[in-house]
Number of protein chains: 2
Amino acid sequence: MDVTHDEAADNNAEDVFRLVVELSRKLMGEYEAQLERLDLTLPQAQLLRQLGEPRPMAEAAERLRCDPSNVTGIVDRLEKRGLVERKSVAEDRRVKQLELTDAGMRVRTEVERVVSAMPGLEALSTSDRDTLKDLLARSVAES
Amino acid sequence: MDVTHDEAADNNAEDVFRLVVELSRKLMGEYEAQLERLDLTLPQAQLLRQLGEPRPMAEAAERLRCDPSNVTGIVDRLEKRGLVERKSVAEDRRVKQLELTDAGMRVRTEVERVVSAMPGLEALSTSDRDTLKDLLARSVAES
DNA sequence: TATTGTTATACTCTATAACTATA
DNA sequence: TATAGTTATAGAGTATAACAATA
């Protein structure tokens, strides 16, 4: 970015793009640092969070927005640690239902705790944060 | 997220976190789709963008916020395509200056074009975008 | 025939540690 | 001794294609 030219004249998508990515990077960085303490990668944590209730692997893949073949590996690693189990379903024996173990539920609770305590937005007042939320929601909602 | 409960009561960092990440994901997704057409990964595009002027590899690593050993591979791939060159520096023969080739400059121009045409924020008016920019900038600036 | 999940494969990014060559 | 860059290694995520079991 050229920082020498007139800032006031700027009102383009590029600035917002850069700032959104920068802020996201900052917040995600803090999030991942917390996850590292739980020995979880981002996809692993996303998967745990999904498993508030059991889901078939295909559904998990869809939510993770990745190919189903990847879920096999992600689940393998979580299953090896005893956080997740693959359960067969009687109605359709092709399907494997992913289910948290007790240990998995405890870790999931830790992840939720991290998320709900997410720091990094202390600079904004309550009303500013409301405004930001509104603008972000409208940007995200856009087709 | 539970969308059935009272939205007005919400004003916590978790919502903003989720929205920032979601919007970032959306914008980055569009960005990466464009980069794919240029056969560039994200780190490769970031590196090209940095090379408006030549830089030592260590400096590139710092800007990419990754270990210097990774830059070797990223540069290898770009160099193999003739987009970047490693130039030795007389003053300190340990250093390798990264420099764009003519082809690299052309690709970099394409990347800059993609960035400056970033779509995905059409839902906001000019003044809303200004507000969003301001709020994001303050959030990012926060220590 | 179509679908669910796995396997095989290949690639990029990531970090750490050991190494070379310079300084 | 310290620094710049490379190499070796290992691991995680990503996609594609081929496969087995099941529907």
Side-chain angles (χ1 to χ4, degrees), chain A residues 21 25 28-29 31-33 35-51 54-81 83-99 111, chain B residues 21 25 28-29 31-33 35-51 54-81 83-99 111:
Chain A
V21 170
R25 180 163 195 160
M28 288 300 289
Y31 182 39
E32 292 190 75
L35 292 181
E36 197 172 6
R37 295 179 43 225
L38 298 171
D39 197 22
L40 293 174
T41 63
L42 201 50
Q44 288 168 3
Q46 284 178 277
L47 183 52
L48 290 186
R49 292 192 72 198
Q50 281 183 28
L51 295 180
R55 293 182 195 291
M57 299 190 66
E59 192 180 320
E62 202 173 351
R63 288 178 163 240
L64 290 174
R65 295 186 224 180
C66 72
D67 192 89
S69 63
N70 298 322
V71 177
T72 299
I74 295 169
V75 169
D76 281 349
R77 290 180 274 276
L78 291 173
E79 194 170 37
K80 207 181 306 183
R81 289 167 58 183
L83 302 181
V84 166
E85 279 175 350
R86 290 166 160 99
K87 298 251 173 125
S88 287
V89 178
E91 305 92 64
D92 185 340
R93 280 156 53 194
R94 293 172 302 181
V95 174
K96 283 173 189 163
Q97 199 86 338
L98 297 178
E99 209 172 312
V111 174
Chain B
V21 170
R25 180 164 194 158
M28 289 300 289
Y31 183 40
E32 292 191 75
L35 292 181
E36 196 173 6
R37 295 179 44 226
L38 297 172
D39 197 22
L40 293 175
T41 64
L42 202 50
Q44 289 167 2
Q46 283 177 278
L47 183 53
L48 290 186
R49 291 192 73 197
Q50 280 182 29
L51 295 180
R55 293 182 195 293
M57 299 190 65
E59 191 181 321
E62 202 172 350
R63 289 178 163 239
L64 290 174
R65 295 186 224 181
C66 73
D67 191 89
S69 63
N70 298 323
V71 178
T72 299
I74 296 169
V75 169
D76 281 349
R77 290 181 274 276
L78 291 174
E79 194 170 37
K80 206 181 307 183
R81 289 166 60 183
L83 301 181
V84 165
E85 279 176 350
R86 290 165 159 100
K87 298 250 173 125
S88 286
V89 179
E91 305 91 65
D92 185 340
R93 280 158 50 196
R94 294 172 302 181
V95 174
K96 284 174 189 163
Q97 198 87 338
L98 297 179
E99 209 174 311
V111 175

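The structure displayed is predicted, hence computed values, not measured ones. In what follows, chains are A, B, ... by sequence order, proteins preceding strands, each numbered from 1.
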Next on the checklist: According to side-chain contact (heavy atoms from CB on, under 4.5 Å), who are the partners of S69(B), at least two apart in sequence or on a separate chain?
Outcome noted: D67(B)
Item to check | side-chain contact (heavy atoms from CB on, under 4.5 Å) involving A61(B) - partner list, sequence neighbours excluded | outcome: P68(B), V71(B)
Can you tell me how far [atom2] of [N] sits from [atom1] of [X], to the nearest Å?
{"X": "K96(A)", "N": "dA23(D)", "atom1": "NZ", "atom2": "P", "answer": "13 Å"}
{"X": "R55(B)", "N": "dG5(D)", "atom1": "CZ", "atom2": "C1'", "answer": "18 Å"}
{"X": "M57(B)", "N": "dT6(D)", "atom1": "CE", "atom2": "C1'", "answer": "9 Å"}

My understanding is that only residues two or more places apart in sequence, or in another chain, count here; which of them pass salt bridge (charged side-chain N to carboxylate O under 4.0 Å, His left out) with [X]?
{"X": "K87(B)", "answer": "E85(B), E99(B)"}
{"X": "D76(B)", "answer": "R86(B)"}
{"X": "D92(A)", "answer": "R94(A)"}

Could you pull out the protein-nucleic contacts involving nucleotides 16-20 of chain D (nitrogen or oxygen on both sides, under 3.5 Å)?
residue : atom : partner : partner atom : Å
dT16(D) : O4   : S69(A)  : OG           : 2.8

Next on the checklist: What contact category does I74(B) fall into here, base, sugar-phosphate, or nothing, at under 4.0 angstrom with non-hydrogen atoms?
Outcome noted: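 Touches sugar-phosphate only.
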Item to check | Terminal contacting nucleotides, 5' and 3', DNA chain C versus chain A (heavy atom, 4.0 Å) | outcome: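 Result: dA2(C) to dT7(C).
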Item to check | Results of side chain to side chain donor-acceptor pair (under 3.5 Å) for T72(A) - residues two or more places apart only | outcome: none
Checklist entry - Think T72(B) has a side-chain N or O under 4.0 angstrom from the OP1 or OP2 of dT7(D)? => result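 Result: no.
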Checklist entry - Would you say a side-chain N or O of R77(A) is under 4.0 Å from OP1 or OP2 of dG13(D)? => result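 Checking dG13(D) against R77(A), a side-chain N or O does come within under 4.0 Å of OP1 or OP2.
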Item to check | Within residues 54-65 of chain B or reaching into it, pairs that qualify as side chain to side chain donor-acceptor pair (under 3.5 Å) - sequence neighbours excluded | outcome: R55(B)-E59(B)
